[in-house]
Number of protein chains: 2
Amino acid sequence: MEEYSEKQLAILKVAERLFADQGFHGTSVRDIAQEADVNIAMISYYFGSKDKLLETIFRYRMEASRKFINELLENNTMEPLEKINSLIDRFINKMLGEQYFQCIMSREQLNSQASPVRDLIWELKGEMLGLMQPIVTQAQEAGIFYKDVDVEMLMTTLFGTIHQVIPAQHILKKSAPATVMNDDEFREYVKKRVSTHLKKLFKAILTHEF
Amino acid sequence: MEEYSEKQLAILKVAERLFADQGFHGTSVRDIAQEADVNIAMISYYFGSKDKLLETIFRYRMEASRKFINELLENNTMEPLEKINSLIDRFINKMLGEQYFQCIMSREQLNSQASPVRDLIWELKGEMLGLMQPIVTQAQEAGIFYKDVDVEMLMTTLFGTIHQVIPAQHILKKSAPATVMNDDEFREYVKKRVSTHLKKLFKAILTHEF
DNA sequence: AGCAAAGTTAAACAAACGTTTAATTTAAAC
DNA sequence: GTTTAAATTAAACGTTTGTTTAACTTTGCT
């Protein structure tokens with residue numbers, strides 16, 4: 001658990017945005033330095049290398065994700081379906097709230113070559129699966145959820161849908177209702193739409209009710 | 001509709017694999033030339049530039065996708081749900097059959113900067129949506145499908161799930177049944193698993209039956 | 001004030017990048 | 001067999017890449 005100076009945070013923030021928008025190899029350290037308004041040498045000075053800068057971004061975000069997971073583990077008073085719905089909403093909020101990082105994840109998980117970053121990704125995904133699995137299993141044993149469900153694939157659908165929505169937002173704007181929207185309103189509109197869709201999907205497949 | 005020589009096809013094939021595995025900017029023309037066993041200059045000679053090489057790959061694959069779409073449009077004798085199921089299976093087959101290209105699409109659709117390639121992607125996605133939309137609408141009007149369904153989001157789920165499965169295959173191998181599998185058997189196993197999952201999901205949400 | 005460490009800078013580094021050149025070989029046409 | 005165009009090559013092109021250097025400034029401590 002390290003702390004970062006303002007300047008370091010500025011670099012991390014700019015780098016995250018540029019890596020998301022143009023890819024890791026599509027972004028030069030000079031681009032980052034210029035937009036963050038620091039000297040090029042500071043990136044190596046602070047983070048060691050461009051690779052380690054990416055790794056730092058990952059560890060930074062993943063630490064937050066771990067906390068996020070642990071918080072979710074504490075909700076014990078809810079009904080199974082309420083738990084699932086809460087989980088869906090929290091996932092949507094989390095992932096759409098850090099879209100730049102999610103873009104980087106989308107990209108990096110495609111790399112065929114093994115790397116520390118790729119390992120971190122699948123480690124985290126495993127933990128997320130471990131979050132939903134027991135809820136479903138428990139509800140299945142209690143006879144509340146239907147037995148014949150592939151939870152791993154359901155998690156894949158959850159991730160996949162949200163990851164697909166992130167770059168699709170340009171398009172969703174066109175099919176949105178004609179009412180004028182500022183950025184915040186549109187963000188809420190998207191969240192609501194994904195949330196409604198995923199909750200319906202999960203409820204239907206898990207409980208066979210509507 | 002152009003034709004390509006063997007050497008050109010060799011370059012396209014190698015480039016597609018490398019772009020998928022390491023990203024566009026992560027792959028050098030020297031890498032491509034070496035693996036395709038041609039001189040570096042041939043790439044500029046044939047395709048003009050590295051950018052146009054990527055664009056060529058896209059146009060090549062997209063032409064096939066267009067044909068694919070037109071074939072799907074001709075199935076008129078089936079029941080609505082059969083049509084959907086057939087569509088799901090064909091999508092899975094298509095996309096898992098060209099995984100390298102789908103990886104490139106996954107990456108390129110994240111680019112924030114406008115480009116010919118990005119336009120092509122969303123154009124194609126629109127066409128795919130236009131493929132499912134009328135089937136659903138027609139069945140809704142006939143009272144066979146439930147009214148309250150967000151087809152655009154459903155299509156997002158379809159794409160998202162499959163796009164998420166492609167890089168997740170390493171992991172799926174671990175949770176696969178212990179029976180020994182060669183590559184072809186595993187590929188079939190994955191297809192079957194995704195297919196079963198998606199069909200259940202679509203049937204539940206569209207018909208409210210199981 | 002004086003000193004040591006940390007922070008910051010412009011400049012330079014070698015390596016890798018995409019692309020082009022000019023020379024040579026191959027193939028096809030007459 | 002000669003000619004013309006296409007294919008292929010090794011080498012060089014000028015940039016850009018990530019990283020390092022060495023000089024300089026700021027900061028914090030005694």
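So you know, we letter chains A, B, ... as the sequences are listed, proteins then strands, and number each from 1.
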Practice problem: Could you tell me how the ring of Y4(A) sits relative to the ring of Y60(A): parallel (under 30°), tilted (30 to 60°) or perpendicular (over 60°)? | Solution: perpendicular
Practice problem: Decide if atom CD of E127(B) counts as having more than 12 heavy atoms of other residues, nucleotides or ligands within a radius under 6.0 Å. | Solution: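 Buried by this count: over 12 neighbours within 6.0 Å.
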For the pair made of [atom1] in [X] and [atom2] in [N], what is the distance, rounded to whole Å?
X      : N       : atom1 : atom2 : result
N39(B) : dA6(D)  : CG    : P     : 19 Å
I40(B) : dG18(C) : CD1   : P     : 10 Å
E6(B)  : dA27(C) : CD    : P     : 14 Å

Practice problem: May I ask you to check whether F58(B) and F101(B) place their ring centers less than 6.0 Å from one another? | Solution: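 Yes; F101(B) has its ring centre under 6.0 Å from that of F58(B).
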Quiz prompt | Side-chain ion pair, E79(A) and K83(A), N-O less than 4.0 Å | solution = no
Quiz prompt | Near-strand residues of residues 7-37 of chain A, defined as heavy-atom separation under 4.0 angstrom from DNA chain C | solution =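 Here the set is K7(A), R30(A).
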Exercise. Kindly state which residues belonging to residues 41-50 of chain B come within less than 4.0 angstrom of DNA chain C, counting heavy atoms of the residue only, listed by number.
Key: A41(B), S44(B), S49(B), K50(B)
Quiz item: Where is the tightest heavy-atom contact between K50(B) and F24(B), given as atom of each residue plus distance?
Solution: NZ-O, 2.9 Å
Quiz item: To the nearest 0.5 Å, what is the distance between CG (L201(B)) and CE (M153(A))?
Solution: 9.0 Å
Quiz item: Does the side chain of R118(B) reach to within under 4.5 Å of the side chain of Q109(B), using non-hydrogen atoms?
Solution: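 No, side chains not in contact.
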Practice problem: Report yes or no: is the cationic atom of K7(B) (NZ for Lys, CZ for Arg) closer than 6.0 Å to the six-membered ring centre of Y46(B), at no more than 45° off its axis? | Solution: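 The answer is no, since K7(B) fails at least one limit relative to Y46(B).
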